[in-house]
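Only one structure is covered here, and it is reproduced in the block below.
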Amino acid sequence: MNAPRFISRRIRFEGKIAVISIAISFLVMILAVAISGGFRKELRKGITAISGDIQLTPPDLNYVGETDPISLEASWMESTAALPGIEAVIPAVYRAGIVRSGDNIHGVLFKGVPDGPDSLGVRVPSRLARMLNLSEGDRLLAYFVGERVKVRNFHVTEVYPSILSGDENLVVFAGLSDMQRLNGWSSDEVSAVEYSLTDKSNAALEDMTNRVGTLVLLSTPQEEEAPLASSAQNKYPSIFSWLDLIDLNVVMILVLMTIVAGFNMISGLLILLFRNISTIGTLKSMGMTDRAISEVFVRVAANLVLKGMLIGNAIALLLCLVQGTTHFIRLNPDNYFVSFVPVHVNPWLIIGADLASFLVILLFLLLPSLFISRVDPAKTVRAQ
């Protein structure tokens, strides 16, 4: 029989304040991790939709002209698509245009993609829809300036959420074939080839950009100009810096909340020890070692930590579920890039944060247990 485990089950400690403190600490930690993951997921999704994780473009890419397309039959297409870590390869046609709805006009960037609407349909960002008073089913007249002005009468099939703010990010999605016909290109000619990665970390993004760029350069004949590879991190450095700042804040929150929870449990364990000082003396007089007695009370405190952790996790996950479903907490997209507080629950990341914090708190609990070695069983048993 394990004596410390048996005795710890008989000792009762109503540490409600300690449990509440632990629950609040873990609640804040889980919410911080989920919100950080939500921002990263939403912004990366918006960036990937606009330019891909990696983008191959001609050296003199011109959003206005109709020259220098990239051929989808180039020798490097299959080799780059076969690189480990490449999730998808998306051909795209870009063309700057001016859209008009009633008396309202605005400059936008059209992007033709394979999964875009057919038959002159377009998906417009919500920010542009508000500026032009557009809704699904409305007509959208577009002018394209080049060697001659071309006019297309599109219809709005969808209004999608504007993930990235700014006029330069007003991207209107159209069908790839519609944009190829607009430029007078064949079905294998595009403005850019974009790559989506399985690993979207900054290190993987930089490494894969170099690998794709090098492979394209080595595979392109000397008489031809090789397309240039650029990463989303280079195109949107301010957004990635902002995400790194959020991650740093999350780390600080995890450290602070763990320290707060640890010190609360230290005070709780000290109260438990003082209340059971006679029990400690009795156990010592019966021959139990200081280490075994410490294990008894650390087990009691650890059960309180585990209880608070489970309560905090349950409340945090419930709040994440509600926020992820309803988006009831809103944000100003001009400051936060998105219009709501995004949440993304990564089970492994949450389990890792829980486990790390739990172990650190247990280390804190070893400090009050040093008090046990100072207890004199002769005095405590006599006092009892």
Side-chain angles (χ1 to χ4, degrees), residues 1-38 250-280 282-283 288-325 343-372 375:
M1 178 184 295
N2 190 319
R5 179 186 300 176
F6 176 81
I7 297 173
S8 65
R9 291 176 178 175
R10 269 60 182 176
I11 295 178
R12 295 188 177 276
F13 177 47
E14 299 297 333
K16 293 182 179 180
I17 296 178
V19 172
I20 293 173
S21 173
I22 293 292
I24 293 175
S25 296
F26 277 92
L27 168 66
V28 174
M29 286 191 286
I30 300 307
L31 288 179
V33 171
I35 292 172
S36 172
V250 170
V251 172
M252 295 300 296
I253 290 173
L254 293 177
V255 172
L256 290 175
M257 289 297 101
T258 301
I259 292 175
V260 169
F263 276 101
N264 274 284
M265 281 310 304
I266 287 176
S267 61
L269 183 54
L270 284 173
I271 294 173
L272 177 63
L273 292 174
F274 285 130
R275 288 182 177 178
N276 292 273
I277 192 169
S278 58
T279 303
I280 295 173
T282 302
L283 293 176
M288 183 172 283
T289 63
D290 291 343
R291 183 176 179 179
I293 297 173
S294 297
E295 183 181 346
V296 171
F297 290 96
V298 169
R299 281 180 176 273
V300 175
N303 288 333
L304 291 179
V305 175
L306 184 61
K307 182 178 180 181
M309 183 180 72
L310 294 177
I311 293 174
N313 276 247
I315 297 175
L317 293 176
L318 178 60
L319 291 176
C320 288
L321 177 62
V322 174
Q323 175 63 20
T325 304
V343 292
H344 174 62
V345 177
N346 185 330
W348 294 112
L349 192 58
I350 290 177
I351 291 174
D354 282 342
L355 183 60
S357 299
F358 183 75
L359 293 177
V360 171
I361 293 173
L362 288 185
L363 290 177
F364 280 137
L365 293 178
L366 296 179
L367 297 176
S369 63
L370 298 176
F371 166 81
I372 295 174
V375 175

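Numbers for residues simply follow the sequence, beginning at 1.
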Using 0.5 Å steps for rounding, measure from the [atom1] atom of [X] to the [atom2] atom of [Y].
| X | Y | atom1 | atom2 | answer |
| --- | --- | --- | --- | --- |
| Phe26 | Leu306 | CZ | CG | 9.0 Å |
| Met309 | Ile361 | CE | CD1 | 9.0 Å |
| Leu254 | Ile259 | CG | CD1 | 11.0 Å |
| Leu27 | Ile20 | CG | CD1 | 12.5 Å |
| Thr258 | Leu359 | OG1 | CG | 10.5 Å |
| Phe358 | Ile22 | CZ | CD1 | 9.5 Å |

Flag side-chain contact, heavy atom, 4.5 Å: [X] against [Y]:
| X | Y | value |
| --- | --- | --- |
| Val343 | Leu319 | no |
| Val305 | Leu362 | no |
| Met29 | Ser357 | yes |
| Ile253 | Val28 | yes |

Hey, mind stepping through Asn346 and Val33 against side-chain contact (heavy atoms from CB on, under 4.5 Å) and telling me if it holds? CA-CA 8 Å; Asn346 185 330; Val33 171; 5.9 Å; no
Please name the pair of heavy atoms, one in [X] and one in [Y], separated by the smallest distance, quoted to 0.1 Å.
| X | Y | value |
| --- | --- | --- |
| Ala23 | Ile311 | CB-CG2, 4.0 Å |
| Leu31 | Ala316 | CD2-O, 3.9 Å |
| Ala32 | Val250 | O-CG2, 3.6 Å |

